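Ligands are counted one by one from 1 in listed order, and the atoms in each one are counted from 1 as well. Scope of the values below: all heavy atoms of this structure, side chains included, with no hydrogens, waters or symmetry mates. Keep in mind it's a predicted model, so treat the numbers as computed, not measured.
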Amino acid sequence: MSEKNKVPGVSTYNGPAGGWGALRAVAKAIRGQMAVGRDTSALLRVNQPTGFDCPGCAWPDPKSTSSFEFCENGAKAVSWEATSKRVRPEFFAANTVTSLWGLSDYALESLGRITHPMAYDATTDTYVAITWSEAMDRIGQALRALPDPRMAEFYTSGRASNEAAFLYQIFVREYGSSNFPDCSNMCHEATSVGLPQSIGVGKGTVLLEDFDHCDAVFCIGHNPGTNHPRMLATLREVSKRNVPIIAINPLPERGLERFTDPQVPIEMVANLATPIASTYYQIKSGGDLALLKGMMKWLFEEDRNAIDHGHAGVLDHDFIREHTTGIDALKADVESTTWDVIVAKTGLSREEIEAVAKTYSQAKRVIVCYGMGITQHAHGTENVQQIANLLLLRGNIGREGAGICPLRGHSNVQGNRTVGITEKPNDALILGIERAFGFTAPKEHGHDAVRAIQAIGEGHSKALISLGGNLAVAMSDPQATFAAMRTLDLAVHITTKLNRSQLIIGKQSIILPCLGRTELDIQAEGQQSITVEDSMSMVHASAGQLPPASEHLRSEPWIIAHIAKATLPATRVDWDALVANYDRIRDKIEIVYPDFFDYNQRIREPGGFRLYIAASERKWATADGKAHFLLARGVSEDPNLPSQHLTLTTVRSHDQYNTTIYSLNDRYRGVTGRRDIVFVNPDDLKANGLQHGDRIDVEVVGPNAVDHQGNTRSVRGFVAVSYPIAAGTVAIYFPEGNCLVGLDSFDPESGTPTYKSVPVSLQRSRAKAPAVDA
Ligand SMILES: Nc1nc2c(c(=O)[nH]1)N[C@H]1C(S)=C(S)[C@@H](COP(=O)(O)OP(=O)(O)OC[C@H]3O[C@@H](n4cnc5c(=O)[nH]c(N)nc54)[C@H](O)[C@@H]3O)O[C@H]1N2
Ligand SMILES: Nc1nc2c(c(=O)[nH]1)N[C@H]1C(S)=C(S)[C@@H](COP(=O)(O)OP(=O)(O)OC[C@H]3O[C@@H](n4cnc5c(=O)[nH]c(N)nc54)[C@H](O)[C@@H]3O)O[C@H]1N2
Ligand SMILES: [Mo]
């Protein structure tokens with residue numbers, strides 16, 4: 001038996017991404033979840049003009065065809081929601097919350113869709129069915145009883161529609177709070193905060209068509225084969241044109257290496273694969289700031305050399321002069337950053353960095369794509385801004401084939417932000433609400449996700465309403481987060497399935513089951529559709545077709561409207577009229593946000609419409625009307641760290657959607673049936689006296705080593721897997737690794753937890769069995 005096969009469930013995957021494995025997985029997903037009594041043709045109406053938007057990811061759809069039916073992870077997301085399994089009141093009666101707490105999120109969600117509104121009953125330690133009107137009375141009473149509306153937190157997970165998210169923010173602001181923790185605070189907040197300072201808008205500037213015209217694509221810190229699978233079809237086309245695709249990632253992700261498109265019969269039959277990345281740089285986790293500075297350092301040097309020799313420079317001087325400020329300070333900053341530091345932080349050689357900079361400088365039109373590998377760092381916002389700097393240096397923003405392309409997370413997280421899920425209301429929003437509804441929303445800023453948990457922990461906040469998601473499990477530091485949530489007076493979960501957040505019981509805990517994307521939504525004036533915005537600012541309609549999982553389910557807009565009515569007896573909003581016909585909600589959105597002009601008309605056109613992105617036209621919505629080169633000081637996450645440590649990053653497996661675990665497999669990384677794994681470079685194993693397959697403990701080092709109870713942050717008894725990951729970097733799965741990230745460890749500018757760079761040490765385990773379950 002080879003060394004590699006010594007560990008049960010761990011082997012090497014040699015195939016491409018996609019291919020027959022993906023088609024088999026689509027078939028399995030449908031068979032496993034949807035077979036009994038549900039209509040599998042639902043899948044074929046995903047991302048079609050007359051169907052519903054895929055809840056899987058926020059990658060846009062090509063205008064001509066839908067690749068959805070071949071998207072493995074889209075199929076998993078849809079079938080997981082459209083499952084025929086149910087969690088009924090009888091199940092809750094037979095299982096105490098204490099006993100359910102012993103189950104993993106995987107097991108809990110596998111139970112199926114929740115069918116009734118439920119409230120926790122302390123005498124029996126069970127959830128008990130209640131009527132909708134009783135649920136609303138209790139919530140209204142509890143919210144009205146708070147001495148200050150700022151003592152309630154209103155969480156949003158990015159699957160909610162524009163209509164639901166908009167009603168939610170109107171309700172919360174009329175109630176008197178700006179506390180909007182949301183999943184974006186753990187995700188792309190660095191983009192939302194960082195890019196407006198750079199280019200005047202917190203969104204991407206490219207359209208799908210730009211990929212047909214680019215001369216180079218950079219993929220930094222994202223894993224499209226798993227998290228945005230439909231993007232592989234786009235990258236495949238780019239690769240077929242012989243355009244360089246540069247991958248920058250500590251892990252050798254198969255989707256970035258090669259892909260067999262299930263939609264191309266010849267590739268399937270002949271087992272052919274298209275190579276994706278032309279060059280793959282395995283950077284150390286947390287090394288991106290240094291890499292970007294190194295690339296810019298080379299560009300400045302090269303530019304001066306060229307000009308000294310009478311050639312045109314490599315920078316776009318006309319663009320820089322006309323459109324930007326801050327170039328001199330940027331130049332001084334990168335020139336003062338030494339190659340020694342850059343090489344040490346990235347783990348890449350100077351030659352490699354110069355080569356990647358050269359590729360960048362030789363391409364006329366460049367797109368940079370990025371994901372969580374960039375944002376979830378103490379320097380997340382600065383990382384994003386250095387990407388913008390790199391692009392601005394050669395005028396790569398605001399023209400065909402070029403631009404910045406953040407890969408958003410949840411399918412409508414971008415839309416949620418656009419329609420007002422923000423803890424920092426600006427004047428335009430407050431005036432807009434006044435115009436549309438005639439009340440004045442609070443101006444003061446509220447809480448983001450980390451701050452919300454802190455406020456609950458400190459006893460300042462006593463109520464939490466969650467519009468979807470699994471906040472307790474997604475957040476860093478479960479030790480502190482779970483303890484905080486147990487002190488709540490009121491916890492309300494608007495949800496489709498059971499998860500551990502709902503089992504952390506406060507004085508009152510209420511579960512409100514809602515319709516999913518795939519389901520018919522009938523209101524007083526007939527069938528309704530909702531709208532969503534993808535990663536490229538395209539807004540389009542979505543209408544589910546399946547009969548609801550239970551007759552007791554209500555739509556998210558209905559639920560929010562009824563909470564509002566129960567909480568605000570003197571409300572200025574006609575909630576019933578808005579819910580009767582969602583066109584009226586969209587009319588109100590249009591009043592608050594004039595960019596949505598002719599909203600109802602434009603979403604009725606196939607493909608919907610694009611929201612205006614000024615930077616795409618080289619108009620900079622900043623205070624001085626210019627794009628800004630911005631500085632990041634230094635290249636280190638934390639200069640005070642011990643010099644000898646490994647950097648741990650947390651990643652998603654192929655069979656998971658955030659805290660939703662579909663199975664314990666991670667096909668492209670060769671893992672089957674387990675998640676208690678630490679991926680370690682063979683040299684790092686050796687240096688630590690460890691071997692492939694050893695049970696190890698991972699302990700945090702440095703300022704955040706100890707949790708609030710005085711215990712060393714650690715996972716114990718995990719299996720070390722020898723893996724071709726960048727030396728100096730180790731990886732484990734999210735959420736198993738969340739206990740290693742301190743609640744106070746986040747990017748000060750965006751509040752994003754440092755999920756992608758935790759300083760750790762490894763040693764042979766002192767624990768007998770795995771200490772953390774999946
Ligand atoms: N099937 C599926 N689809 C999803 C999701 C899902 O869980 N499952 N989640 C959705 C959501 S909410 C989001 S935000 C997106 C997430 O999509 P991604 O951003 O792709 O998510 P991650 O798995 O966190 O992967 C980040 C990648 O960054 C790399 N990386 C880690 N640290 C670093 C670093 O320091 N530098 C660099 N350059 N790279 C690094 C990792 O190796 C990994 O390949 O996907 C969305 N789509
Ligand atoms: N260590 C580590 N932690 C991370 C990350 C990481 O990379 N590493 N990533 C972070 C990121 S990018 C994100 S976005 C967050 C995710 O944080 P969340 O968005 O809070 O988490 P999810 O796991 O997506 O939420 C899943 C739950 O949503 C509910 N749900 C599903 N569909 C619907 C629906 O249609 N309506 C309603 N109302 N509810 C529904 C179900 O109850 C399901 O259990 O996690 C963050 N946490
Ligand atoms: Mo996300």
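- For ligand 1, the polar-atom distance check finds an N/O of Ile248 within less than 3.5 Å of one of the ligand's N/O atoms.
- No donor-acceptor pair closer than 3.5 Å links the side chain of Glu423 to the backbone N or O of Pro181.
- Under a 4.0 Å heavy-atom criterion, His228 is in contact with ligand 1.
- In this structure, the side chain of Glu556 does not engage the main chain of Ala164 through any donor-acceptor pair within 3.5 Å.
- Thr660 places no side-chain N or O within donor-acceptor distance of the main-chain N or O of Gln656, the cut-off being under 3.5 Å.
- In this structure, Gln169 contributes its side chain and Ile421 its backbone to no donor-acceptor pair below 3.5 Å.
- Backbone and side-chain nitrogen or oxygen atoms of Lys284 are examined, and none is located within less than 3.5 angstrom of a nitrogen or oxygen of ligand 1.
- Asn227 pairs by the side-chain hydrogen bond (donor to acceptor under 3.5 Å, both in side chains) definition with nothing, not counting sequence neighbours.
- With no hydrogens or angles considered, a side-chain donor-acceptor pair links Asp655 and Ser663 at under 3.5 Å.
- Atom CD in Glu189 sits 7.5 Å away from atom OG1 in Thr422 (nearest 0.5 Å).
- Within the 4.0 Å heavy-atom criterion, the part of Asp288 lying near ligand 1 is the side chain and not the backbone.
- Within 4.0 Å of ligand 2, heavy atoms belong to protein residues Glu109, Tyr155, Ser157, Arg159, Cys183, Met186, Cys187, Met372, Gln376, His410, Gly468, Gly469, Asn470, Leu471, Ala474, Ile494, Thr495, Thr496, Lys497, Asn499, Cys514, Glu556, Thr650, Arg652, Tyr657, Asn658, Thr659, Thr660, Phe734, Asn738, Tyr755, Lys756.
- Listed by chain and number, the residues in a side-chain hydrogen bond (donor to acceptor under 3.5 Å, both in side chains) with Ser411 are Arg517 (sequence neighbours excluded).
- Every residue two or more places apart in sequence or in another chain that forms a ring pair (Phe, Tyr, Trp, His ring centres under 6.0 Å) with Phe171 is listed here: Phe154.
- Among the atoms of Pro250, none of the N or O lies under 3.5 angstrom from an N or O of ligand 1.
- Applying the 4.0 Å criterion to heavy atoms of Thr226 picks out, from ligand 1, the atoms 1 (N), 2 (C), 3 (N).
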